[in-house]
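Before any comments, here is the structure.
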Amino acid sequence: MDIESILLPGIAPERPLVIAGPCSAETEEQVMTTAAALADKGIRIFRAGIWKPRTKPGGFEGIGVEGLAWLKRVKRETGMYVSTEVATAKHVFESLKAGIDMLWIGARTTANPFAMQEIADALQGVDIPVLVKNPVNPDLELWIGAVERIYNAGLHRIAVIHRGFSSSDKNIYRNMPQWHIPIELRRRIPSLPIICDPSHIGGKRELIASLSQQAMDLGFDGLIIESHCNPDCAWSDAAQQITPDVLDYILNLLVIRKETQSTEPLSQLRKQIDECDNNLMQILGKRMRISREIGLFKKEHDMTVLQTGRYSEILDKRGIQGVEMGMDAEFVKKVFEAIHEESVRQQLMC
Ligand code: PEP
Ligand code: MN
């Protein structure tokens with residue numbers, strides 16, 4: 001995919017497209033020092049939040065319009081493209097007035113169709129690249145809907161950013177990657193470039209390298225990474241920011257693999273996968289037939305469809321078996337929950 005023609009002129013089409021800069025523009029000095037160091041490492045697109053959506057009031061809510069002048073200075077003095085987050089029509093107008101090159105829409109905004117429409121209306125007919133972050137909740141339709149609103153306003157230089165999804169389950173990530181969602185988005189709209197935000201997925205700097213590599217291995221087009229000249233003292237998202245030196249180190253370690261064309265050994269293996277999938281479907285079909293027979297039996301003997309003890313036994317037994325076979329316990333649980341849901345549905349129809 002030629003990201004160059006889609007987003008910004010002069011940006012090399014090779015993967016990954018890299019956008020870097022601090023979570024927030026804090027002071028003119030912090031912005032200029034970070035930008036100069038990033039430009040020195042060959043970064044071509046600078047990011048900095050001017051208006052910050054914070055979960056609770058009282059935190060640093062962004063420097064506001066004053067910071068736009070600093071971004072203009074970055075552009076003038078380093079030659080980098082500059083980008084910032086917009087959440088309202090006013091942000092859009094101020095950013096356009098300041099000559100910002102690229103806009104992104106934050107996860108909390110993507111989740112709100114009213115806000116998305118307001119932004120789309122403010123952008124009507126303007127030719128500027130827009131990056132749409134995924135909504136906070138794992139809702140692909142909402143994400144696509146947000147992209148459509150921007151597209152329908154006449155903007156065609158659009159990409160998306162995968163920044164993970166909030167989850168109540170305890171895990172190592174700040175926002176769960178749930179890679180299958182951007183993968184499904186790629187299947188649905190193959191021409192839409194996907195950029196990964198390992199900073200907001202991981203929430204800690206130690207996770208950035210491995211998340212970036214995973215994104216590259218999944219064929220993502222770019223990375224947006226938070227970088228600060230003094231990360232520990234950052235006014236927002238301190239734990240996940242890295243210095244321009246560390247960023248450069250991580251980028252140099254990335255292995256960029258080509259999307260393999262169908263080679264002979266690969267197509268052999270794919271044939272085996274197709275055969276496995278076919279067997280899985282046959283077995284599932286058989287399991288559902290037996291399930292329906294059980295359903296009939298329960299009906300004839302006045303038994304309830306749901307027998308909780310039996311269900312827990314299946315989940316426990318297959319969970320242990322799955323782990324022994326090298327599979328993730330959570331994955332096995334999800335598979336059996338889905339199978340059980342369909343079995344119950346079939347038995348209820350008996
Ligand atoms: C950001 O990029 O600084 C930001 C606020 O991200 P998100 O909308 O993904 O939380
Ligand atoms: Mn941030």
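Just so you know, ligand 1 is whichever comes first in the structure, and atom 1 is the first atom listed for that ligand. Computed from heavy atoms alone, side chains included, the values below leave out hydrogens, waters and symmetry copies.
Checked by atom type and distance alone, the side chain of Gln241 never pairs as donor or acceptor with a backbone atom of Pro22 at under 3.5 Å. Ser24 places no side-chain N or O within 3.5 Å of a backbone atom of Gly49 that could act as its donor or acceptor partner.
The Mn ion (ligand 2) sits nearest to atom OE2 when only the N, O or S atoms of Glu226 are considered. Sorting the N, O or S atoms of Asp237 by how far they are from the Mn ion (ligand 2) puts OD2 first.
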Item to complete: Start with the C-alpha distance between Arg174 and Gln240, add both sets of side-chain angles, then the distance that settles side-chain hydrogen bond (donor to acceptor under 3.5 Å, both in side chains), and finish with yes or no.
Response: CA-CA 10 Å; Arg174 177 176 177 195; Gln240 71 193 33; 2.7 Å; yes

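Less than 4.0 angstrom separates some heavy atom of Lys52 from each of these atoms of ligand 1: 1 (C), 3 (O), 5 (C). Close approach of ligand 1 to Gly106 is summarised as follows: ligand atoms under 4.0 Å from at least one heavy atom of the residue are 8 (O). Short contacts between ligand 1 and Arg163, defined as distances under 4.0 Å to a heavy atom of the residue, involve ligand atoms 7 (P), 9 (O), 10 (O). For ligand 1, the atoms closer than 4.0 angstrom to any heavy atom of Trp104 are 2 (O). Taking every non-hydrogen atom of Arg47 and a distance limit under 4.0 Å, the qualifying atoms of ligand 1 come out as 1 (C), 2 (O), 3 (O).
Ring-plane geometry between His156 and Tyr151 is classed as tilted, the angle between the planes lying from 30 to 60 degrees on a 0 to 90 degree scale. Between Trp235 and Phe60, the ring planes lie perpendicular to each other; the angle is over 60°, past the 30° to 60° tilted range.
Contact annotation: the side chain of Leu155 never approaches that of Asp127 to less than 4.5 Å [non-hydrogen atoms, C-beta and beyond].
Nearest-residue assignment for atom 4 (C) of ligand 1 (options Gln240, Arg108, His200; heavy-atom criterion): His200. Taking all heavy atoms of Arg174, Lys133, Glu85 into account, the minimum distance to atom 7 (P) of ligand 1 is reached by Lys133.
Ion pairing between a basic and an acidic side chain is recognised when a charged N comes within 4.0 Å of a carboxylate O; Arg47 and Glu226 show such pairing.
Here the protein heavy atom with the shortest distance to atom 8 (O) of ligand 1 is Ala107 N, 2.8 Å.
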